[in-house]
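Below is one structure, written out as structure tokens; comments come after it.
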Protein chains: 2
Amino acid sequence: MLATVAPIVARSRPLPPQALQGTAPTGTVPANVLEPLRAMAVTMRMDRDAEIVAQGDPAGYCYLLMGGCARTVKLMEDGRRQVGEFLLAGDLFGWEALEEHDFGVEAVTDVTLLRYPRSAIEALADRDRDFARKLRALTAGQVRAGRERVVLLGRKTARERIASFLIEMAGRIRGGGTMIGLPMSRTDMADYLGLTIETVCRGLTQLRTRGVIAVERSKIVILDRRALGIASCEAVH
Amino acid sequence: MLATVAPIVARSRPLPPQALQGTAPTGTVPANVLEPLRAMAVTMRMDRDAEIVAQGDPAGYCYLLMGGCARTVKLMEDGRRQVGEFLLAGDLFGWEALEEHDFGVEAVTDVTLLRYPRSAIEALADRDRDFARKLRALTAGQVRAGRERVVLLGRKTARERIASFLIEMAGRIRGGGTMIGLPMSRTDMADYLGLTIETVCRGLTQLRTRGVIAVERSKIVILDRRALGIASCEAVH
DNA sequence: CGATTGGTTGACCGAGATCAATGGACGTGG
DNA sequence: CCACGTCCATTGATCTCGGTCAACCAATCG
């Protein structure tokens with residue numbers, strides 16, 4: 001319900017093009033695919049931990065992340081939490097909703113995003129063949145990513161999940177070399193990987209003591225990419 | 001590679017319309033959405049346990065299940081197996097592939113399916129607005145189902161997974177009332193739920209001794225739908 | 001500087017995996 | 001028609017990975 005925070009800034013216009021960089025595999029919008037809808041978009045800036053979409057919100061809009069990081073979350077009534085995915089710049093969320101958003105979206109860092117009416121996306125897909133094609137490619141990628149996550153959560157051990165996560169993030173966070181600045185907390189990582197925070201810590205520690213990575217708070221350096229790949233069961237891919 | 005079995009029968013034509021019934025949530029093709037492509041389709045009949053698509057096969061075709069049940073599987077090199085989804089009549093597989101199919105597909109029972117060139121699907125989506133719309137709805141459903149699976153595998157207990165599975169199958173297998181004729185083995189169930197076969201057995205036994213279900217080999221009767229919902233954490237939906 | 005928050009480590013416990021045996025349904029051949 | 005073998009489901013015994021509970025530490029913030 002966009003309650004506490006959520007200052008909607010203004011109709012969009014400029015915004016530097018490099019804001020669309022970053023990420024890769026998930027639901028990344030190739031370039032300025034949504035450019036034709038710029039006029040329909042509302043730019044939003046949200047503070048860290050703000051709720052962008054509440055689980056169960058009527059699904060009138062979808063969201064394109066321009067900068068920062070967000071998480072999609074499902075909360076079970078007994079408090080168990082599952083992070084569905086992390087959204088980075090260029091990622092689109094919510095166009096596939098039915099009546100309501102089945103996951104909430106929360107800002108992991110301060111974020112900038114564009115909000116589009118879902119109906120506009122659908123209408124554009126109807127009249128713009130090229131856009132429709134890109135949208136199909138986009139969701140096909142989401143389906144594939146979802147399957148990969150099913151394997152991770154269904155069959156991989158805690159260590160393998162953590163190693164896989166680091167590899168995924170190293171690929172998505174463009175920012176030079178082997179250093180990854182993880183935007184999310186250990187709790188978020190744990191809820192993404194179906195683990196507890198303690199297990200995530202221990203897994204990172206183990207990788208560190210084995211010389212595979214260096215850890216300093218949220219900065220992680222991959223020292224031995226090959227070993228990390230082995231630890232993640234990379235051959236599965 | 002369609003190696004051992006896989007007798008491709010003939011160009012398609014008739015086939016009773018009720019063959020398209022069944023299932024509901026996943027990637028079900030609403031009705032005869034692919035009807036315009038009938039001429040491009042090849043009908044295949046495969047025996048139980050035949051490999052329809054091998055993991056890693058070049059992704060030239062996609063498949064519409066007409067009858068029977070199939071499973072999508074990912075095999076890790078150390079033998080761990082994950083079933084991605086069960087396909088029932090009306091379910092479409094493979095149009096979202098990239099270069100290769102990242103999951104294999106195997107027949108759970110004897111199956112009948114139609115094979116379409118992926119390029120034909122793409123071309124039809126390009127020229128037929130209505131089909132494109134249905135294809136989007138279809139994949140949106142797949143994305144949502146994938147997320148539900150992530151919650152199941154990431155946060156639910158063994159008992160909850162099993163109860164959720166029974167509810168899912170009760171909804172998908174149209175066949176009158178509360179009796180479910182599960183087409184798949186306990187092993188398949190376990191690999192779908194990220195469990196072992198023993199845990200699946202014990203979970204079913206527990207539900208049985210509590211009077212929630214009756215079990216007789218692959219026939220399962222839901223005696224107390226409400227209790228089953230509670231056991232599955234249904235409120236999450 | 002305390003106080004709060006998030007990360008790390010240790011001790012212990014339990015859900016589910018592993019190992020092993022048994023049972024029941026079905027198919028084949030005598 | 002029955003004996004036997006195979007396959008699969010079920011149940012029991014034990015082990016282990018990861019969860020739980022708890023303490024501690026380091027960074028950030030008033």
Side-chain angles (χ1 to χ4, degrees), chain A residues 47-49 71 76 78-83 106 108-110 152-166 180-210 213-220 231 233, chain B residues 47-49 71 76 78-83 108-109 152-166 180-210 213-220 231 233:
Chain A
D47 293 336
R48 188 170 187 281
D49 282 326
R71 57 180 176 253
M76 295 169 73
D78 60 2
R80 279 177 286 181
R81 202 179 77 135
Q82 176 68 41
V83 169
E106 299 165 1
V108 171
T109 63
D110 293 355
L152 181 140
L153 294 170
R155 287 299 177 214
K156 288 193 183 182
T157 67
R159 257 65 57 92
E160 288 167 343
R161 293 180 201 195
I162 292 162
S164 301
F165 174 76
L166 294 178
I180 322 171
L182 293 178
M184 72 289 290
S185 69
R186 297 287 189 268
T187 304
D188 285 339
M189 288 177 54
D191 288 341
Y192 179 70
L193 298 174
L195 300 172
T196 61
I197 178 173
E198 294 93 332
T199 302
V200 170
C201 273
R202 284 186 244 270
L204 289 174
T205 299
Q206 192 181 76
L207 287 171
R208 179 168 49 74
T209 58
R210 291 184 180 178
I213 60 173
V215 181
E216 186 209 332
R217 228 154 166 58
S218 69
K219 305 285 182 205
I220 293 192
C233 266
Chain B
D47 292 335
R48 188 170 188 283
D49 284 328
R71 58 182 175 251
M76 295 169 73
D78 60 3
R80 278 177 287 181
R81 201 180 79 135
Q82 176 68 41
V83 169
V108 171
T109 63
L152 182 140
L153 294 170
R155 287 297 178 218
K156 287 194 183 180
T157 66
R159 256 68 55 93
E160 289 168 342
R161 295 181 200 192
I162 293 162
S164 301
F165 173 77
L166 293 178
I180 321 170
L182 293 178
M184 73 289 290
S185 68
R186 297 287 189 267
T187 303
D188 284 340
M189 288 178 53
D191 289 340
Y192 179 70
L193 298 174
L195 300 171
T196 61
I197 178 175
E198 294 93 333
T199 302
V200 170
C201 273
R202 284 187 244 269
L204 288 174
T205 299
Q206 193 180 73
L207 286 172
R208 177 168 50 74
T209 58
R210 291 182 180 180
I213 60 173
V215 181
E216 188 209 330
R217 230 158 162 56
S218 68
K219 306 282 181 206
I220 293 194
C233 266

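Within every chain, numbering begins at 1; the chains are lettered A, B, ... in the order of the sequence lines, protein sequences first and strands thereafter.
What you find for B:Arg161 and B:Leu193 is that their closest heavy atoms are NH1-O, 2.9 Å. Contact between A:Ala158 and A:Leu195 at its shortest, heavy atoms only, is CB-CD2, 3.9 Å. Across all their heavy atoms, B:Leu204 and B:Val215 have their closest contact at O-CG2, 4.5 Å. Nearest heavy-atom pair, A:Pro183 versus A:Val108, reported as atom, atom and distance to 0.1 Å: O-CG1, 3.3 Å. The two residues A:Lys156 and B:Arg80 come nearest to each other via the heavy atoms CA-NH1, 3.9 Å. A:Arg71 and A:Asp49 make their closest contact through NH2-OD1, 3.2 Å (heavy atoms, listed as atom of the first residue, atom of the second, distance).
Between A:Arg155 and A:Cys233, the closest side-chain pair of non-hydrogen atoms is not below 4.5 Å. Using a 4.5 Å heavy-atom threshold, the side chains of A:Gln82 and B:Leu153 count as separate.
Mapping A:Arg159 and B:Arg48 onto DNA chain D by nearest heavy atom places B:Arg48 closer to the 5' end of the strand.
Across residues 195-207 of chain B, B:Leu195, B:Thr196, B:Glu198, B:Thr199, B:Arg202 each have a non-hydrogen atom less than 4.0 Å from an atom of DNA chain C (numbered order). The stretch residues 183-190 of chain A comes close to DNA chain C through A:Ser185, A:Arg186, each having a heavy atom under 4.0 Å from the strand.
Atom CZ of A:Arg155 is separated from atom C1' of D:dG18 by 16 Å (rounded to the nearest Å). Atoms CG (A:Asp49) and C1' (C:dT4) sit 15 Å apart, rounded to a whole Å. Computed from coordinates, the B:Lys156 NZ to C:dA15 P distance equals 19 Å when rounded to whole Å. What separates CD of B:Glu216 from C1' of D:dA9 is a distance of 13 Å, to the nearest Å.
Nucleic acid contact class of B:Arg208 (heavy atoms, under 4.0 Å, all strands): sugar-phosphate only. Among the heavy atoms of the strands, none lies under 4.0 Å from B:Arg161.
With the end axes of the helix from C:dC1-D:dG30 to C:dG30-D:dC1 each set by five pairs, the angle from one to the other reads 30° at 10° resolution.
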(request) Kindly indicate, with the supporting measurements, whether the criterion side chain to side chain contact (heavy atoms under 4.5 Å, CB included) is fulfilled by B:Gln206 and B:Arg159. (result) CA-CA 9 Å; B:Gln206 193 180 73; B:Arg159 256 68 55 93; 2.9 Å; yes
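Distance CE/A:Met189 to CD1/A:Ile197: 9.5 Å, rounded to 0.5 Å. Of the inter-residue distances, the one linking B:Arg217 atom CZ with B:Leu182 atom CG reads 12.5 Å to the nearest 0.5 angstrom.
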